[in-house]
S.K.: 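Sending over a structure as structure tokens; questions will come in a sec.
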Amino acid sequence: MPDTPPSADLSTLPEAETAPRSRWKPQLVWLVPLVAALIGGWLAVKSILEQGPVIGIVFKNAEGLEAGKTRVKYKDVDIGLVTAVTLSKDLRQVVATAELVKDFQPHLVEDTRFWLVKPRISGGSVSGLGTVLSGSYIGVDVGKSSRAQKTFTALEVPPIVQLDTPGREFVLRSTDLGSLAMGSPVFFRRLQVGQVVGYQLDGNGRGVSLKIFVNAPYDRFVTDNTRFWNASGIDIRLGAGGIEVDTQSLASLLLGGVAFETPEESTALPAAAPDTRFELFADRTRAMRNPERDVLRMVLLFDESLRGLEVGAPVDFQGIALGEVSAIRVELEPDSQRIVMPVEVSLYPERLRLRSREKDRPRLSDEGRKRFLEELVASGLRAQLRSGNLLTGQLYVGLDFFPRAATARIDWDSDPPELPTTVGSLGELQASLQRVAGKLEKLPLEQIGADLRQTLQTTSRLLHRLDTQVAPEVVATLGEARKAVDTAQGMMAADEPLQQDTREAIRELGRTAKSLRALADYLERHPEALLWGKKGGRP
């Protein structure tokens with residue numbers, strides 16, 4: 001067994017020396033990029049978190065747009081900036097990319113509107129003058145929809161009324177636009193309370209629909225009974241009190257305008273709902289006229305010229321309008337091959353009612369109305385054309401009683417019923433002139449001249465006999481008379497001037513009769529010539 005070394009005493013060994021540990025200490029030079037990285041990251045996160053929405057606005061052209069300079073403003077407060085201006089893919093439009101502030105994100109809905117604000121002159125208003133120095137910018141009108149949208153089409157013309165303006169919009173129906181335009185004022189009792197905000201042609205092309213905006217609190221005065229009329233220009237009326245001139249304001253003369261009013265006698269109603277449709281009348285007189293619910297259509301046949309009679313002319317009975325002309329036609333009667341011109345009229349029977357002491361007057365039934373009209377016609381009621389204005393030659397239909405008129409009756413079998421007529425006042429004048437001309441033509445002027453010559457010859461012979469039988473003291477007188485008679489007989493010779501003058505006078509009478517006939521024909525066509533003479537003589 002090998003020898004084992006004696007065990008060593010560990011307590012007597014020297015202590016082992018431990019090696020020094022290496023320690024890493026951060027250097028100050030690395031602290032700077034670390035802080036910069038943290039700040040950059042924080043800025044990047046903040047930029048991402050605060051970045052506003054990016055939208056596209058489509059314009060027709062890039063006039064007034066410049067990337068990095070054109071601002072987007074809402075109520076003159078900057079809310080964004082145009083970052084890029086590019087062409088659309090089809091090269092027909094320009095797309096402006098704008099970055100807006102983050103807080104504006106909820107307001108980017110489908111009815112939000114954008115437009116370019118620049119100097120404009122439209123009608124009587126001038127806008128955008130501040131952009132002459134500051135440059136053009138994009139205006140915004142916040143919508144009320146709940147559907148979000150990122151791409152918008154800019155308006156070509158700035159909106160007349162902002163969407164947040166209190167008030168209501170209404171629609172007016174008219175046959176034509178007249179002198180109205182975008183921004184034309186709307187008046188109520190001569191106060192401007194709104195404006196025209198849009199118009200468009202109807203789909204069938206038979207009219208125009210205008211959209212007006214009435215500001216609050218005046219919109220509460222528009223009810224279902226309200227009447228609107230075109231207040232453009234000057235309304236001149238010639239009445240019993242003289243000339244009446246009516247106009248709303250100087251602006252309505254230049255730009256046109258719309259006025260409205262509710263009749264005093266109408267029933268009180270609540271304010272009309274937005275987008276209620278109304279009719280736009282031509283003037284206040286027609287607008288405030290009570291609508292006739294009971295209308296009797298009848299036709300009139302006149303055997304004279306209808307020149308000067310127009311649709312809408314009144315049917316008058318002793319100064320009271322009982323209806324109006326509704327249509328004028330030209331027809332050919334197949335049996336007689338005669339051309340007739342029926343004049344259709346709309347009569348309002350409610351304006352001519354039976355006299356009663358009761359407060360509520362009775363309304364005639366259809367049969368009672370027929371009997372009533374037949375009694376009037378039997379008493380001589382006839383329709384007649386009359387001159388309403390000699391200056392313009394306008395005619396109207398007058399109803400009056402003519403006791404000497406020929407017997408007639410209403411033709412109820414006609415559609416519409418035919419009311420008897422009589423010749424008009426101008427027709428009577430023409431007939432009188434024709435009668436005078438006819439009598440002048442019938443005068444035997446040549447026979448009268450021959451009888452005059454025969455009478456002078458007989459007188460000459462009688463004086464010759466007396467010359468040989470009377471006393472000497474009258475011979476000298478008779479001689480003088482004979483000389484006078486001889487002189488007169490000589491003057492009546494065929495070749496003497498008196499005879500020639502007599503024949504010329506007869507010819508002049510004939511020409512006068514022809515001139516009277518021509519005058520009667522001309523007055524029928526031009527009644528205004530009674531004041532102004534022939535065309536070209538009017539001042």
Side-chain angles (χ1 to χ4, degrees), residues 292 294-318 321-349 352 366 369-390 392-435 437-438 516-530:
E292 299 293 340
D294 188 9
V295 180
L296 175 61
R297 294 174 56 250
M298 303 195 78
V299 65
L300 311 174
L301 296 180
F302 295 101
D303 293 330
E304 53 189 303
S305 174
L306 300 181
R307 182 182 181 89
L309 185 66
E310 299 178 352
V311 175
V315 178
D316 178 276
F317 177 73
Q318 297 184 357
L322 297 182
E324 62 181 17
V325 176
S326 56
I328 302 176
R329 303 193 307 272
V330 179
E331 296 179 355
L332 174 65
E333 289 185 348
D335 298 334
S336 61
Q337 295 296 313
R338 186 169 64 98
I339 296 178
V340 296
M341 290 175 287
V343 177
E344 286 191 12
V345 296
S346 297
L347 301 180
Y348 309 133
L352 185 63
D366 293 341
R369 178 187 300 169
K370 287 184 178 181
R371 290 194 300 269
F372 178 58
L373 291 177
E374 288 174 352
E375 292 175 358
L376 294 179
V377 172
S379 301
L381 181 68
R382 299 290 186 273
Q384 184 185 49
L385 285 180
R386 295 178 178 177
S387 176
N389 193 321
L390 292 176
T392 61
Q394 291 180 341
L395 300 178
Y396 69 95
V397 177
L399 297 178
D400 209 338
F401 288 95
F402 299 88
R404 298 182 181 179
T407 303
R409 57 180 295 274
I410 299 176
D411 185 4
W412 297 104
D413 297 331
S414 175
D415 185 24
E418 180 182 344
L419 184 68
T421 62
T422 186
V423 64
S425 56
L426 290 178
E428 292 177 352
L429 176 60
Q430 178 188 6
S432 299
L433 293 175
Q434 289 179 346
R435 287 194 296 268
L516 287 173
R517 285 200 304 273
L519 175 60
D521 294 339
Y522 185 81
L523 286 176
E524 179 183 2
R525 298 189 302 270
H526 304 282
E528 68 276 10
L530 290 174

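Worth knowing before you read on, the calculation uses all heavy atoms, side chains too, and leaves out hydrogens, waters and symmetry mates. One is the number of the first residue; the rest follow in order along the sequence.
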S.K.: According to side-chain contact (heavy atoms from CB on, under 4.5 Å), who are the partners of A327, at least two apart in sequence or on a separate chain?
M.R.: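 Here the qualifying residues are E344.
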S.K.: Given L381 and L399, is the side-chain contact (heavy atoms from CB on, under 4.5 Å) satisfied, shown in steps?
M.R.: CA-CA 7 Å; L381 181 68; L399 297 178; 4.2 Å; yes
S.K.: What heavy-atom pair brings S305 and L385 nearest, and what distance separates the two atoms?
M.R.: O-CD1, 3.8 Å
S.K.: Using the test side-chain hydrogen bond (donor to acceptor under 3.5 Å, both in side chains), find all partners of E331 that sit at least two apart in sequence or belong to another chain.
M.R.: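 Here the qualifying residues are R329.
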S.K.: Under the side-chain contact (heavy atoms from CB on, under 4.5 Å) criterion, do V311 and S326 qualify, and how do the steps go?
M.R.: CA-CA 5 Å; V311 175; S326 56; 5.6 Å; no
S.K.: What's the verdict on salt bridge (Lys or Arg N to Asp or Glu O under 4.0 Å) for D400 and R386, showing C-alpha distance, side-chain angles and the deciding distance?
M.R.: CA-CA 11 Å; D400 209 338; R386 295 178 178 177; 3.2 Å; yes
S.K.: Report the C-alpha separation of V295 and Y348 in whole Å, then their side-chain angles, then the decisive distance to 0.1 Å, and conclude whether the side-chain contact (heavy atoms from CB on, under 4.5 Å) test is met.
M.R.: CA-CA 5 Å; V295 180; Y348 309 133; 3.9 Å; yes
S.K.: Between T421 and R382, does the side-chain contact (heavy atoms from CB on, under 4.5 Å) criterion hold? Intermediate values first, please.
M.R.: CA-CA 5 Å; T421 62; R382 299 290 186 273; 5.9 Å; no
S.K.: Drop me the distance from L309's CG to I328's CD1, to the nearest 0.5 angstrom.
M.R.: 4.0 Å
S.K.: Rounded to the nearest 0.5 Å, how far apart are CG of D415 and CZ of R297?
M.R.: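 So the gap between those two atoms works out to 6.5 Å.
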S.K.: Does atom CD1 of I339 have more than 12 heavy-atom neighbours from other groups under 6.0 Å away?
M.R.: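 No, CD1 of I339 has 12 or fewer neighbouring heavy atoms, counting only those of other groups under 6.0 Å.
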S.K.: Between CZ of R409 and CD of E418, what distance do you get to the nearest 0.5 Å?
M.R.: 10.0 Å
S.K.: About how many Å separate CH2 of W412 and CE of M298, when rounded to the nearest 0.5 Å?
M.R.: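 So the CE of M298 and the CH2 of W412 are separated by 5.0 Å.
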S.K.: Tell me the closest heavy-atom pair linking P342 and L301, and the distance in Å.
M.R.: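 Looking at all heavy atoms of both residues, the closest pair is CA-CD2, 3.6 Å.
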S.K.: Compare every heavy atom of F402 with every heavy atom of T422, then report the nearest pair and how far apart it is.
M.R.: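 Shortest heavy-atom separation between T422 and F402 comes out as CG2-CE1, 3.7 Å.
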S.K.: Counting only N and O atoms by type, is there a donor-acceptor contact under 3.5 Å from the side chain of Q394 to the main-chain atoms of G308?
M.R.: no
S.K.: Look up atom CD in E310 and atom OH in Y396, then write down how far apart they are to the nearest 0.5 Å.
M.R.: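 Nearest 0.5 Å value for the CD-OH distance: 15.5 Å.
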S.K.: Working to the nearest 0.5 angstrom, can you tell me the gap between F302 CZ and L395 CG?
M.R.: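 Result: 9.5 Å between the selected atoms.
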S.K.: Taking the side chain as C-beta and beyond, is there a heavy-atom pair between L373 and L296 under 4.5 Å?
M.R.: yes
S.K.: Which heavy atom of V299 sits nearest a heavy atom of P416, and at what distance?
M.R.: CG1-O, 3.4 Å
